Number of protein chains: 2
Amino acid sequence: MNEQEFLAGYDPRAYPAVAVTVDVVAFTIRDAALHVLLIQRAYPPFAGFWALPGGFVRPEEDLTAAARREFAEETGLGGEPLRRVHFEQLASYGEPDRDPRMRIVSVAYLAFAPDLPEPSAGTDAGDAEWLPITALTSRELAFDHRRIVEDGLERARSKLEYTPLATRFVGEEFTIAELRAVYETVWGHPLHAGNFHRKVLSVPGLVESTGNTTEHGGPRGGPRAKLYRAGDARLLHPALLRPAREETVR
Amino acid sequence: MNEQEFLAGYDPRAYPAVAVTVDVVAFTIRDAALHVLLIQRAYPPFAGFWALPGGFVRPEEDLTAAARREFAEETGLGGEPLRRVHFEQLASYGEPDRDPRMRIVSVAYLAFAPDLPEPSAGTDAGDAEWLPITALTSRELAFDHRRIVEDGLERARSKLEYTPLATRFVGEEFTIAELRAVYETVWGHPLHAGNFHRKVLSVPGLVESTGNTTEHGGPRGGPRAKLYRAGDARLLHPALLRPAREETVR
DNA sequence: AGAATAGTGTCTGTTAGACACTATTAG
DNA sequence: CTAATAGTGTCTAACAGACACTATTCT
């Protein structure tokens with residue numbers, strides 16, 4: 001039997017019935033707080049519960065494309081703003097009983113976006129909102145979505161250290177102080193303004209000057225800040241390391 | 001309609017037919033070279049080609065369990081030696097046309113093992129072997145498996161830096177020189193023996209002394225080395241960073 | 001004026017890496 | 001003996017972090 005004959009006689013139904021979904025952990029920063037996008041489920045299972053946006057992967061559709069589509073559907077976002085959103089695969093979750101309907105393996109994606117407008121609830125979602133991650137503890141999520149959000153959060157915190165991810169949370173042009181706010185918000189730590197400033201400018205390819213400055217100083221005074229855009233580095237060297245936390249090492 | 005009624009009327013067949021497989025990128029070190037486990041496919045598609053060990057996820061089987069099972073089946077390995085093999089999820093691959101049979105999403109796993117015996121070809125595999133990764137360029141792999149191996153390699157190199165992964169490639173008791181050989185082999189760089197020694201001992205929780213020494217000195221002379229076992233650290237702080245390579249940063 | 005902030009200067013303790021050296025063992 | 005290796009000492013340049021200071025802008 002050659003390859004052609006084999007494929008002609010091949011029956012996909014002979015293999016176990018497993019469905020594949022994508023779930024999107026979308027982070028943005030608004031009001032100096034990290035937010036995650038949640039939708040309220042309109043249908044069972046977990047009807048009424050809050051959950052990550054996501055859904056079944058369509059035939060002929062790439063996994064990343066499915067993640068972008070689900071994100072766009074649930075947020076009503078498209079065009080240029082959507083293009084500035086960065087997607088990357090997080091991990092896959094496949095516990096046999098994680099969904100009561102059937103065996104479902106979910107490929108989770110991370111999305112990082114500058115401050116986005118309020119989501120307009122899409123077709124599948126009863127409602128959609130940006131929830132501050134500090135409010136996560138007091139909200140029950142559907143499926144194993146809490147675990148997925150936690151994994152995504154740790155990934156985001158870690159990637160701030162050695163990639164220019166932080167520049168994805170700010171606009172095209174930004175000040176060093178805005179960039180510092182991203183780090184402080186995601187890490188949940190205040191950072192030393194002066195040292196951070198010097199460090200950011202010393203890492204090759206992290207930011208490059210636009211030559212412009214802000215129109216005005218800060219709301220409570222201070223000089224106008226120089227504006228920068230994201231540089232061409234894909235990895236930061238040396239990295240911007242989080243202040244050491246002995247507890248989390250072991 | 002409540003949750004029970006919904007689930008009773010639920011038809012899994014209504015959803016797209018997608019199959020889920022696991023593929024395992026298993027690394028070991030033999031003869032001071034990094035090797036990856038490959039099997040020769042006995043059946044179409046890609047019959048005769050070399051590929052990663054893997055297969056369909058069974059119902060009621062966890063993804064990690066599937067990876068361990070496939071690895072065990074293809075290597076004939078079980079019991080205590082298998083327990084010393086470390087598994088972790090790498091990433092998922094789901095290009096619509098990556099498999100000619102049907103839509104298949106593969107969840108790839110990484111496995112790290114101390115020097116293992118020759119694999120005994122399992123049921124599905126025509127043959128199995130440990131291939132030095134230096135020989136990968138001159139071998140065509142099935143599906144998108146070359147890409148998966150490359151991703152796994154980069155993950156392994158990177159995780160050596162900030163986790164105690166290297167201790168998974170050596171025996172229960174090991175010398176600092178053996179540990180250094182792991183780093184040199186995986187990174188493909190010679191390291192400075194003296195500085196490496198001091199660095200390893202200075203990282204909290206990386207290794208702990210057993211109080212023993214080797215029976216003999218090296219084959220070409222030298223004092224007996226002290227023996228260590230893996231410590232309890234799960235993250236290395238400070239990390240053992242690779243020598244900076246400017247080229248790869250951009 | 002007074003307060004807040006952008007950005008720079010300087011000092012200190014820690015670390016990576018280069019180099020050198022001693023002690024121990026195989027052949 | 002000689003060669004090779006384990007492990008340590010020491011120096012230097014780079015870096016993180018603390019602190020201080022100037023310049024600029026808002027209220």
Side-chain angles (χ1 to χ4, degrees), chain A residues 32 160-162 170 173-184 187 189-204 206-228 235-246 249, chain B residues 32 160-162 170 173-184 187 189-204 206-228 235-246 249:
Chain A
L160 278 195
E161 294 190 318
Y162 59 93
V170 293
E173 275 195 323
F174 51 88
T175 67
I176 303 295
E178 285 170 350
L179 199 63
R180 175 161 51 84
V182 173
Y183 278 90
E184 292 178 332
W187 285 349
H189 275 268
L191 296 175
H192 187 288
N195 291 339
F196 181 87
H197 193 104
R198 183 182 13 237
K199 172 76 185 182
V200 164
L201 294 187
S202 78
V203 176
L206 211 199
V207 300
E208 55 189 35
S209 176
T210 65
N212 305 329
T213 61
T214 52
E215 295 281 322
H216 305 287
R220 281 164 299 190
R224 298 179 185 182
K226 292 179 187 161
L227 288 168
Y228 298 84
L235 288 174
L236 305 187
H237 196 85
L240 285 105
L241 298 176
R242 275 175 280 190
R245 308 124 304 148
E246 293 298 328
V249 169
Chain B
L160 278 195
E161 294 190 319
Y162 58 93
V170 293
E173 276 195 323
F174 52 86
T175 67
I176 302 296
E178 285 169 350
L179 199 63
R180 176 163 48 85
V182 172
Y183 278 91
E184 292 178 331
W187 284 350
H189 273 269
L191 297 175
H192 188 288
N195 290 339
F196 181 87
H197 194 104
R198 183 184 13 239
K199 173 75 186 182
V200 164
L201 296 186
S202 79
V203 176
L206 210 201
V207 299
E208 55 189 36
S209 176
T210 64
N212 304 329
T213 63
T214 52
E215 296 280 321
H216 306 288
R220 282 164 299 189
R224 298 179 185 181
K226 292 180 187 163
L227 287 168
Y228 298 84
L235 287 174
L236 305 188
H237 195 85
L240 284 105
L241 298 176
R242 274 176 280 189
R245 309 125 301 145
E246 294 298 328
V249 168

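Values below: all heavy atoms of this structure, side chains included; hydrogens, waters and symmetry mates excluded. No experiment lies behind these values; they were computed from the predicted model shown. We name chains A, B, ... by the order of the sequence lines, and we start the count at 1 in each one.
For the pair B:L241 CG and D:dA16 P, the interatomic distance rounds to 11 Å; values are reported in whole Å. Rounding to whole angstrom units, OH of residue B:Y183 and C1' of C:dA16 are separated by 15 Å. Rounded to whole angstrom, the span from the CG atom of A:N195 across to the P atom of C:dG7 amounts to 15 Å. One atom, CG of B:L201, and another, C1' of C:dT15, lie 16 Å apart when rounded to the nearest Å. Rounded to a whole Å, the CD atom of B:E178 is 14 Å from the C1' atom of D:dT5. If you take CG of A:L191 and P of C:dT5, they are 15 Å apart, rounded to a whole angstrom. Here D:dA18 presents its P atom at 14 Å from NZ of A:K199, a figure rounded to the nearest Å. We find that CZ of B:F196 is positioned 14 Å from C1' of C:dA16, with the value rounded to whole Å.
Using a 4.0 Å heavy-atom cutoff across all strands shown, B:A193 reaches no nucleic acid atom at all.
Of the possible donor and acceptor atoms, none in the side chain of B:K226 sits under 3.5 Å from a partner among the backbone N and O of B:T210. In this structure a side-chain-to-backbone donor-acceptor pair under 3.5 Å is present from B:E184 to B:L191. Distance alone, capped at 3.5 Å, is enough to place a donor-acceptor pair between the A:T175 side chain and the A:E178 backbone.
Between A:Y183 and A:L160 the shortest heavy-atom distance is OH-O, 3.0 Å. Across every non-hydrogen atom of B:G211 and B:S209, the tightest pair is N-OG, 3.1 Å. Heavy-atom minimum distance, A:L236 versus A:E161: CD1-O, 3.8 Å.
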Using nucleotides 20-23 of chain D, report all nitrogen or oxygen pairs with the protein that are shorter than 3.5 Å.
none

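Of the candidates C:dG17, C:dA6, C:dT25, the closest approach to any side-chain atom of A:A225 belongs to C:dA6. Listed nucleotides C:dT25, C:dA16, D:dC15 differ in distance to A:P238; the shortest reach to its side chain belongs to D:dC15. With C:dT25, D:dG9, C:dT10 as the choices, the nucleotide that has an atom nearest any side-chain atom of A:R198 turns out to be C:dT10.
With sequence neighbours excluded, the residues that form a side chain to side chain donor-acceptor pair (under 3.5 Å) with A:E208 are A:R229.
Contacts with DNA chain C (heavy atom under 4.0 Å) in residues 212-221 of chain A: A:R220, A:G221, listed by number.
Rounded to the nearest 0.5 angstrom, A:L179 CG and A:F196 CZ are separated by 4.5 Å.
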- Output, in order, the C-alpha distance, side-chain angles, deciding distance and verdict of side chain to side chain contact (heavy atoms under 4.5 Å, CB included) for A:F174 and A:V207. CA-CA 10 Å; A:F174 51 88; A:V207 300; 3.7 Å; yes

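Nearer the 5' end of DNA chain C, as judged by each residue's closest nucleotide, is the contact made by A:Y228, out of A:Y228 and B:R224.
Taking only side-chain nitrogens and oxygens, A:H197 comes nearer than 4.0 Å to OP1 or OP2 of C:dG7.
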